[in-house]
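This report refers to the structure that appears directly beneath it.
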Amino acid sequence: ERAQRKLEKMQLSNGGWPWFDGMPDDRFITQYIITGMGRLQNLKMVAILRDPKLRTMVELGLRYCDDRIREDYEEVLEHSIPDSNNLGCLQIQYLYARSYFQEITIDDRNLKAFAYYKGQAMRYWLRNSRYLQGMIALTLNRLGVKDLPQHIIRSLKENSLSSEEMGMYWKEMYEGYYWYEAPIEAQALYIEAFDEVAHDTASVEAMKVWLLKSKQTQNWKTTKATAEACYALLLRGTDLLASQNDVTVTLGSQVVDPKKLNNADVEAGTGYFKTSWNRSEIKPDMGSVTVTKGSAGVAWGALYWQYFEQLDRITTAATPLKLTKKLFVKRTSDRGPVLDPVTEKTGLKIGDKITVRIELRVDRDIEYVHMKDMRAAGFEPLNVLSGYRWQDGLGYYESTRDAATNFFISYLNKGTYVFEYELVVSHKGDFSNGITSIQCMYAPEFASHSEGIRVKVEE
């Protein structure tokens, strides 16, 4: 009711809504609000057409949208070639929003414009982004067009990528400056399209995996993205909250029953719980873990084994974040400076310059990442000034401390990255060089580390 009163107050006399109160009418915002009303009506959450005030609001808004599409059509007739491609993102958004309210008739003066852009969508759908293609498929399916919506969905599926870990997604899932370049909203719309047009439950569930995985390691940046993602996850395909506690975890011969664990509180709705075992309770066969899910959908968890080990005996961790750390000593030769790999048998001398090379591989987009590179006590960094760095398309903040160099990365795209910096050997001795560790602050379970080595510095 509070939202309804706010919308009633902000709606202008011509039926449009502004972005903020006091601004002129905004076509995109108006069509977005109409779409939201249509979804509420479609899900039978609010009886839009049976509520006099809501129906009046929607009718005024639709009349505004119909008038704008007529003006677009008149502009085409006057300044363009009608038989050419005159379909834009706002016209596609209009058709999509309008398809929710076919009960509300279009004025006779606007019918030609509506029919023209419907024909444009049927003819030029392939020249638009995949997000807009999904909107066109849903629109034409609701308007009773046969075969073509299925062809569009088939085309979308043929251009998709799939993996057991990340589900089903598209390589164009990048974030741009325009409203139709929003990956979360696009994925939510694909779920709606595959469910409503093709009734492809398997693809819907695979696309839900990508949405959940994106939330696991990133932030859904806007309320718009979050609302559309929740709409797609909970109200399309399998209801993720319909079944609870249907995941069975077995460690060796022991079945983990959260009801019998003293320190495990099961969270309502998600079924999340956490438990631990002390040293005396851990048996060798507990290293064999089996997870079984009794219903459709996605679930995930993590198992941590905590123990103490010498730094130089640590081996590389096998996780989605893969780190490789190498040390090179810089030598002067007749060909100029060369880099020789440093091993535990390499005899370093005081004054030698060491190049640290860290190679990071990541298989998904991750936000808010902290990488810490430890260094031997006998090394001193040449660059001691902290600051923001930019290299190879990656921006990060580098902070040099007494025992380690820290890298703070706001956004880490999928790919391979190489970090390099120089040290100088300052003390004689036998040192552990430590390890390089990395962790996603947003999803702490995404962590990794490199292997550790020892270095020897001679006289």
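Throughout, numbering of the chain's residues begins at 1 and tracks the sequence.
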Legend entry - Rounded distance [0.5 Å steps], CG in Leu412 versus CE in Met371: 9.0 Å
Legend entry - Residue pair Ala97 / Thr35: nearest heavy atoms and the distance that separates them: CB-OG1, 3.3 Å
Legend entry - Asp200 bridged to Lys157 by N-O distance under 4.0 Å: yes
Inset, instruction - Flag the pair Ile29 / Met10 as yes when at least one side-chain heavy-atom distance between them is below 4.5 Å, and no otherwise. - result: no
Legend entry - Minimum heavy-atom distance between His449 and Thr315, given as atom pair plus value: CE1-O, 2.9 Å
Inset, instruction - Return yes if some donor-acceptor pair links the side-chain N/O of Glu192 with the main-chain N/O of Ala232 below 3.5 Å, else return no. - result: no
Legend entry - Heavy-atom check, side chain of Trp220 versus side chain of Lys215, under 4.5 Å: yes
Legend entry - Spacing of Asp66 atom CG and Phe114 atom CZ [to the nearest 0.5 Å]: 8.5 Å
Inset, instruction - Rounded to the nearest 0.5 Å, what's the gap from CE on Met168 to OG on Ser160? Could you check? - result: 3.5 Å
Inset, instruction - Using a 4.5 Å cut-off on heavy atoms from C-beta on, say whether the side chain of Leu87 contacts that of Ile92. - result: yes
Inset, instruction - Could you check Glu75 against Asp72 for side chain to side chain contact (heavy atoms under 4.5 Å, CB included), going step by step and ending with a plain yes or no? - result: CA-CA 5 Å; Glu75 185 76 12; Asp72 290 345; 5.6 Å; no
Inset, instruction - Please report the C-alpha distance between Val291 and Thr248 in whole Å, then the side-chain angles of each, then the deciding distance to 0.1 Å, and finally whether the side chain to side chain contact (heavy atoms under 4.5 Å, CB included) criterion is met. - result: CA-CA 6 Å; Val291 181; Thr248 303; over 6 Å; no
Inset, instruction - Without swapping roles, check the side chain of Glu228 against the backbone of Ile184 for a donor-acceptor pair under 3.5 Å. - result: no
Legend entry - Atom pair CG/CG of Leu143 and Leu95 - distance to nearest 0.5 Å: 7.5 Å
Inset, instruction - Please confirm whether the backbone N or O of Gly16 pairs with a side-chain atom of Thr30, one donor and one acceptor, at under 3.5 Å? - result: no
Inset, instruction - Identify the heavy atoms of Thr400 and Ser386 that sit nearest to each other, and give their distance. - result: N-OG, 3.3 Å
Inset, instruction - Flag the pair Tyr116 / Tyr73 as yes when their ring centroid distance falls below 6.0 Å, and as no otherwise. - result: yes
Legend entry - Check: Asn383 main-chain N/O paired with Tyr421 side-chain donor or acceptor under 3.5 Å: no
Legend entry - Heavy atoms from other residues, nucleotides or ligands near NZ of Lys372 exceed 12 (cutoff 6.0 Å): no
Legend entry - Member of Tyr178, Trp17, Tyr180, Trp179 meeting the ring pair (Phe, Tyr, Trp, His ring centres under 6.0 Å) criterion with Phe28: Trp179
Legend entry - Backbone of Cys65 reached by a side-chain donor or acceptor of Gln31 within 3.5 Å: no
Inset, instruction - State whether Tyr231 and Arg39 meet the cation-pi test: NZ (Lys) or CZ (Arg) under 6.0 Å from the six-membered ring centroid, and within 45° of the perpendicular axis. - result: yes
Legend entry - Tyr96 vs Leu132, side chain to side chain contact (heavy atoms under 4.5 Å, CB included): CA-CA, chis, key distance, verdict: CA-CA 9 Å; Tyr96 174 65; Leu132 297 177; over 6 Å; no
Legend entry - Heavy atoms of other groups near Glu103 CD, more than 12 under 6.0 Å: yes
Legend entry - Distance, nearest 0.5 Å, that separates CG of Leu311 from CD1 of Ile435: 6.0 Å
Inset, instruction - Return yes when atom CG of Asp108 has more than 12 non-hydrogen atoms of other residues, nucleotides or ligands closer than 6.0 Å, and no otherwise. - result: no
Inset, instruction - Would you mind telling me which of Asp147, Val197, Val145 makes a side-chain contact (heavy atoms from CB on, under 4.5 Å) with Leu140? - result: Val145
Legend entry - Glu8/Lys6 under salt bridge (Lys or Arg N to Asp or Glu O under 4.0 Å): CA gap, chis, key distance, verdict: CA-CA 5 Å; Glu8 287 175 357; Lys6 185 176 181 180; over 6 Å; no
Inset, instruction - Could you tell me whether the side chain of Gln102 and the main chain of Arg142 form a donor-acceptor pair under 3.5 Å? - result: yes
Inset, instruction - Show your working on side chain to side chain contact (heavy atoms under 4.5 Å, CB included) between Leu323 and Thr316 and close with a plain yes or no. - result: CA-CA 7 Å; Leu323 277 175; Thr316 304; 5.7 Å; no
Inset, instruction - Indicate yes or no: at least one non-hydrogen side-chain atom of Arg50 is less than 4.5 angstrom from one of Arg55. - result: no
Legend entry - Donor-acceptor under 3.5 Å (Gln91 side chain, Ala121 main chain): no
Inset, instruction - Taking atom CG of Leu126 as the centre, report whether more than 12 heavy atoms of other residues, nucleotides or ligands fall under 6.0 Å from it. - result: yes
Inset, instruction - Report yes if the side chains of Arg70 and Lys112 come closer than 4.5 Å at any heavy-atom pair, otherwise no. - result: no
Inset, instruction - Take atom NZ of Lys322 as the centre, draw a 6.0 Å sphere, and report whether it contains more than 12 heavy atoms from other residues, nucleotides or ligands. - result: no
Inset, instruction - Answer yes or no: is there a donor N or O on one side and an acceptor on the other, between the side chain of Asp365 and the main chain of Lys414, under 3.5 Å? - result: yes
Legend entry - Test item: side-chain donor near acceptor, Tyr417 and Asp392, under 3.5 Å: no
Inset, instruction - Indicate yes or no: does Glu165 engage Lys213 in a salt bridge with an N to O separation below 4.0 Å. - result: yes
Inset, instruction - Please say whether more than 12 non-hydrogen atoms of neighbouring residues, nucleotides or ligands are located less than 6.0 Å from CZ in Arg401. - result: no
Inset, instruction - Please name the pair of heavy atoms, one in Glu281 and one in Met286, separated by the smallest distance, quoted to 0.1 Å. - result: O-SD, 3.6 Å
Legend entry - Tyr64 side chain near Asp25 side chain, heavy-atom distance below 4.5 Å: yes
Inset, instruction - Say whether Asn86 and Tyr117, considering side chains only, have a donor N or O and an acceptor N or O under 3.5 Å apart. - result: no
Legend entry - Pairwise side-chain contact, Thr405 with Ser399, heavy-atom cut-off 4.5 Å (strictly under): no
Inset, instruction - Can you measure from CG (Asn42) to OG (Ser99) and round to the nearest 0.5 angstrom? - result: 9.0 Å
Legend entry - Glu398 (side chain) donor-acceptor with Asn406 (main chain) under 3.5 angstrom: no
Legend entry - Nearest heavy atoms of Gln391 and Val418, plus distance in Å: NE2-O, 2.5 Å
Inset, instruction - Without swapping roles, check the side chain of Gln41 against the backbone of Ile48 for a donor-acceptor pair under 3.5 Å. - result: yes
Legend entry - Whether over 12 other heavy atoms sit under 6.0 Å from Lys224 NZ: yes
Inset, instruction - Among Phe419, Phe408, Trp390, find the residue that satisfies the ring pair (Phe, Tyr, Trp, His ring centres under 6.0 Å) test when tested with Tyr396. - result: Phe419
Legend entry - Cation over ring face, Arg98 and Tyr100, 6.0 Å, 45°: no
Legend entry - Side chain to side chain, Thr292 and Val249, heavy atoms closer than 4.5 Å: no
Inset, instruction - Please report the closest heavy-atom contact between Leu156 and Trp170, naming both atoms and the distance. - result: O-NE1, 2.8 Å
